[in-house]
K.L.:
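Let me give you the structure first, and then I'll get to my questions.
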Amino acid sequence: MPAGARPLDFIRKQVIADGETGAFGGRVQTRFPPEPNGYLHIGHAKSICLNFGVAAEAGGVCRLRFDDTNPAAENAAYAAGIAEDIAWLGFEPGAPAHASDYFEQLYCWAEQLVRQGLAYVDDQDAAAISANRGDFTTPGVDSPWRDRSPQENLALLAEMRAGRFGDGEKVLRARIDMSHPNMLMRDPVMYRIRHVPHFRTGTQWCIYPTYDWAHGQSDAIEGVTHSLCTLEFEPNRQLYDWYLEHLPLPGDRPRQTEFARLNLTHTVMSKRALGALVDGGLVDGWDDPRLPTLRGLRRRGYPPEAIRAFCAHIGVARLNGTHEVELLESFVRTHHNRFAQRRMAVLRPLEVVIQNWPVGHTEYRRAVNNPEDASAGERQVPFSGRLWIERDDFMIDPPRKFYRLAPGREVRLRASYFLRCDDVETDAGGEAVRLHCSYDPATGGGHAPDGRKVRATVHWVSAEHARDAAVALYDRLFSDPAPGADGRDPLESYNPASRELIAAAKVEPALLDTPPGAVVQFERLGYFARDTAAGAAPLFHRTVGLRDEWANIRRRRGGGA
RNA sequence: UGGCCGGUAGUUCAAUGGCAGAACGCCUGACUUUGGAUCAGGAGGCUGCAGGUUCGAGCCCUGCCCGGCCAGCCA
C-alpha cells in the first residue's frame, strides 16, 4: 500500500524549481522549530517528516531549533523529551539550536530598528494596546508614544533590558502602520517584559522577544532557506518578510511557506486540549496509549516506520482537512502483519472440556510464529483436555453467517484438532458456562481425512498451562469524529469507555517471553504491545485490532450481538 | 464586517487549457489452518454555484456561496 511514485507535493516542486533557478545559491536548509512547552504529537510528525525529508532529498540539512521565547511556559524536560521523540521517529536531531542563542543579536537588531525610527517603546498597557489596535473594519489609532525620538527610545529600551520596569509596563513595538489591513502589521510587539527566569539563559534577560520578532531572524542567522510552517502562520509571513527586509542579513533571505497541519478524526491535537486531558486525569499522562502524542503512540505499539509511511502517504497541501484515523491504523497493521510474531490469548474465557481426551495427558502442538516470515520459526504450545476459548467464538443460537462454534457444530482449533461441541452447560440466565466437546484425533494436521470442512478456526489456551496477563483494550478517545467542532468543548465527546481493562486474560506461556515494548499479534484479535513499565505484572496494550469481517456484519445489522 | 488562503470520489491527494485518476475505506469473488494476510474485479464525480473567454475549462476572467486563519505582551 505504500504504492509507487506519488506525485511531488507543492513544496518539493518549489524546492526543485529553486534549485533550477539557482535560488539560495543552490542550498536547501530547513528546520523543525517546536516550542518546548509540551510533548510532540503526530501532527508534529508530519512536520518533522516534511522538514527532515525535504532537506535529505535535496542534499541539505535540517536542524532542530527550540523556539524558546516564552520562559513562562517552557522547560528543559520538555526540550529533552522532544529531542528523544524525534530520534525515536527515526530522525537525527543533532545538537539542537535555540532561539535563545540569538537573544543578543536580536537585541542589537532591535536597536538598529529604533535608530532608523522603525521601532519605539510604548508605555500603554496590554488592554490599551489591544483597544487601540482597532478591528477588522476599523483602523487602529496611533499610540501617544509612537513619535518618541530614537534617542529616547534607545535609552528606554536599555532600561527595559536593565530591569528598570515591571512586567507589562512597557513594550517595544515595530513602527509599521496602525491602519494596515493585516492586523499583524499594526505595530506588532517585539519585546515584552517578563521577570521570569529562562531555562537556558537564567535571569540574564527580563525582556523576551515575541515569536514574530525571533523566528525569521533565527532562520536567517542559521542559514535556513525554506522556512516551512503551518497555515495559521500565513498572515505572519508579511511581518516575517518586513523584519527581514529591514535588517542587514548575513546571507540570503529565508522564505516562509505554509502547509496544512495534520488533523485526525476522533482525537485532538491542540496542546490546550491535550493538556486538559492530562491535567483533568482523563488520561494517565502524556504517554497514555490513547493520546496522539508520539510518546502515547509509542507505548500503544505504533511503529515509527508506520507513522513515517503514513506521513509520506498523506502528502502535503494547502487544503486544511481531516484524515480518518482508520488510514493511520491501516499503516500500523501493514507493518505489524509483516513483523509481529503470533501468539494465542483468550480475553474472555469460556471453558471447554474435551471428553474423549486422555485424562492428564499433555501434547505440545507446533505453531508458526509468523506466517508472513518463515525465519521467525515455530514454537511449542501445550494442549490438554481442558481449554479456554473466546466467549465470542461460541453461540448457543447462532445467526446466519456466524461460522464459529455452536451446539453440534465443528470448528478447527488453531494449530491443532477439529473440535465438536456436544453439549452446553448454562447458568440460570441461560449463558453458557462450560462446553462439553470432543476432538477428532485424525485431524491433527488441520484437515479431516474424510474431507469434511469447517468454516472457522478458533484460538485457544490450555487451561492447565495458561498464564494470566492484564490487557488494555482501547477505543476512540472521543466519540465525535471532530471533537470540539463548532466551538464546543472537545471534552463533551470524551469517550469514558475509551479504555477497558481485562485483569486476567488467559494466555499461552510463550507470550510472557515478549520483551517490553515489543508488539505481538494475538491471533484473530489484533496487535498488542507489551508495556514498558518494569517489574509490574505483564500488561499488554491493544495497538489496533485486526480487520474483522464478522464485526462488520454485526455492525451492518445494527450493532446487535 | 476588512485582509489572506482554500473548495476535485466517503476521506486524503493527483491531473503542460486536451478522454477526471490513485490510495485508504466500501461492495463482490478467488484462495486460505487467523472471518487475518494475499489476489482479481466492482460501485462511487453536475470538479461549490452562475456567467464569461476558448475549437476545447477542474485549470484562465467576473460575480456569488461555503470553509479556514488573523483583532495575545502565546507560538
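Sequence lines set the chain letters: A, B, ... in the order given, protein chains first and strands last, and positions in each chain run from 1.
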K.L.:
Contact class for A/Glu234 (heavy atom, under 4.0 Å): base, sugar-phosphate, or nothing?
P.N.:
sugar-phosphate
K.L.:
Is the shortest side-chain N to carboxylate O distance from A/Glu222 to A/Arg31 below 4.0 Å?
P.N.:
no
K.L.:
Which nucleotide, B/G35, B/A37, B/U33, lies nearest any side-chain atom of A/Ile553?
P.N.:
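So the side chain of A/Ile553 is nearest to B/G35.
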K.L.:
Considering only atom P, compute the distance from B/A75 to B/A23 and round it to an integer number of Å.
P.N.:
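The answer is 44 Å between these two P atoms.
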K.L.:
Is A/Phe402 touching bases, backbone alone, or none of the nucleic acid, heavy atoms closer than 4.0 Å?
P.N.:
base
K.L.:
Taking the side chain as everything from C-beta on, heavy atoms only, tell me whether A/Thr137 gets closer than 4.5 Å to A/Asp135.
P.N.:
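Result yes, sub-4.5 Å side-chain heavy-atom pair found.
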K.L.:
Counting the atoms with a prime plus P, OP1 and OP2 as sugar-phosphate, which does A/Gly38 contact under 4.0 Å by heavy atoms, base, sugar-phosphate, or nothing?
P.N.:
nothing
K.L.:
Is the Lys NZ or Arg CZ of A/Arg414 less than 6.0 Å from the centre of A/Trp460's six-membered ring, within 45° of the axis?
P.N.:
no
K.L.:
Applying the salt bridge (charged side-chain N to carboxylate O under 4.0 Å, His left out) test to A/Glu410, which of A/Arg455, A/Lys453, A/Arg452 qualifies?
P.N.:
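Between A/Glu410 and the candidates, salt bridge (charged side-chain N to carboxylate O under 4.0 Å, His left out) is satisfied uniquely by A/Arg452.
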K.L.:
For A/Arg404, which contact category applies under a 4.0 Å heavy-atom criterion: base, sugar-phosphate, or nothing?
P.N.:
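Answer is base: heavy atoms of A/Arg404 come under 4.0 Å of a base.
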K.L.:
Taking B/U62 as the reference, what is the distance to B/G3 when you measure between their P atoms (whole Å, please)?
P.N.:
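Nearest-Å result for B/G3 against B/U62 at atom P: 15 Å.
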K.L.:
Mind checking if A/Thr137 touches a base, just sugar-phosphate, or nothing, with heavy atoms under 4.0 Å?
P.N.:
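The answer is base, as A/Thr137 lies within the cut-off (heavy atoms under 4.0 Å) of a base atom.
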K.L.:
Of the nucleotides B/G35, B/C13, B/A37, which one has an atom closest to the side chain of A/Tyr403?
P.N.:
B/G35
K.L.:
Taking N and O atoms by type only, does the side chain of A/Glu372 place a donor or acceptor under 3.5 Å from a partner on the base of B/G36?
P.N.:
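Pair found.
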K.L.:
For residues A/Arg261 and A/Glu232, determine if any side-chain heavy atom of one lies less than 4.5 Å from a side-chain heavy atom of the other.
P.N.:
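Contact flag for A/Arg261/A/Glu232 side chains = yes.
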K.L.:
Side-chain contact, heavy-atom cut-off 4.5 Å: A/Leu405 with A/Asp393?
P.N.:
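Contact flag for A/Leu405/A/Asp393 side chains = no.
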K.L.:
Check every strand shown and say whether A/Gly445 touches a base, only sugar-phosphate, or nothing at a heavy-atom separation below 4.0 Å.
P.N.:
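Answer is base: heavy atoms of A/Gly445 come under 4.0 Å of a base.
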K.L.:
Given the rule that a pair is Watson-Crick or G-U wobble with both distances under 3.5 Å, how would you write RNA chain B in dot-bracket, using | for pairs to a different strand?
P.N.:
.((((((..((((....[..)))).(((((.......))))).....(((((..]....))))))))))).....
K.L.:
Please pick, from B/U34, B/C24, B/U12, the nucleotide with the shortest atom-to-atom distance to any side-chain atom of A/Ser330.
P.N.:
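Of B/U34, B/C24, B/U12, B/C24 is nearest to the side chain of A/Ser330.
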K.L.:
May I ask you to say what A/Thr265 touches in the nucleic acid, namely base, sugar-phosphate or nothing, with a heavy-atom cut-off under 4.0 Å?
P.N.:
nothing
K.L.:
Could you work out the separation of B/G18 and B/U12 based on their P atoms and round it to a whole Å?
P.N.:
26 Å
K.L.:
Once you apply a heavy-atom cut-off of 4.0 Å, does A/Lys401 come out as touching a base, just sugar-phosphate, or nothing?
P.N.:
base
K.L.:
Could you check whether A/Arg161 makes a cation-pi contact with A/Tyr107, meaning its NZ or CZ is under 6.0 Å from the centre of the six-membered ring and within 45° of the ring axis?
P.N.:
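Relative to the ring axis of A/Tyr107, which defines the angle, A/Arg161 lies inside both limits.
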K.L.:
Classify A/Leu231 by what it touches in the nucleic acid, base, sugar-phosphate, or nothing, heavy-atom distance under 4.0 Å.
P.N.:
nothing
K.L.:
A side-chain contact here means heavy atoms from C-beta on lying under 4.5 Å apart; do A/Arg348 and A/Glu390 qualify?
P.N.:
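Yes, their side chains come closer than 4.5 Å.
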K.L.:
Base, backbone or nothing for each nucleotide of nucleotides 70-75 of chain B, written B, S, -, heavy atoms under 4.0 angstrom, 5' to 3'?
P.N.:
BBSBSB
K.L.:
Assess whether a salt bridge exists between A/Arg148 and A/Asp122, defined as any Lys/Arg side-chain N lying under 4.0 Å from an Asp/Glu carboxylate O.
P.N.:
no
K.L.:
Using a cut-off of 4.0 Å on non-hydrogen atoms, how would the nucleic acid contact of A/Arg318 be classed: base, sugar-phosphate, or nothing?
P.N.:
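A/Arg318: backbone/sugar contact only, no base atoms under 4.0 Å.
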K.L.:
Is there a donor and acceptor pair closer than 3.5 Å between the side chain of A/Glu324 and the base of B/U12?
P.N.:
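In this structure, the two groups form no donor-acceptor pair.
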K.L.:
What's A/Ala415 touching, base or sugar-phosphate or nothing? Going by heavy atoms closer than 4.0 Å.
P.N.:
base
K.L.:
Using a heavy-atom cut-off of 4.0 Å across all strands, would you classify A/Glu258 as base, sugar-phosphate, or nothing?
P.N.:
nothing
K.L.:
Under 4.0 Å, heavy atoms only, any strand: does A/Lys46 hit a base, just the sugar-phosphate, or nothing?
P.N.:
nothing
K.L.:
Which nucleotide sits closest to the side chain of A/Leu546: B/C13, B/U34, B/G35?
P.N.:
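The closest nucleotide is B/U34.
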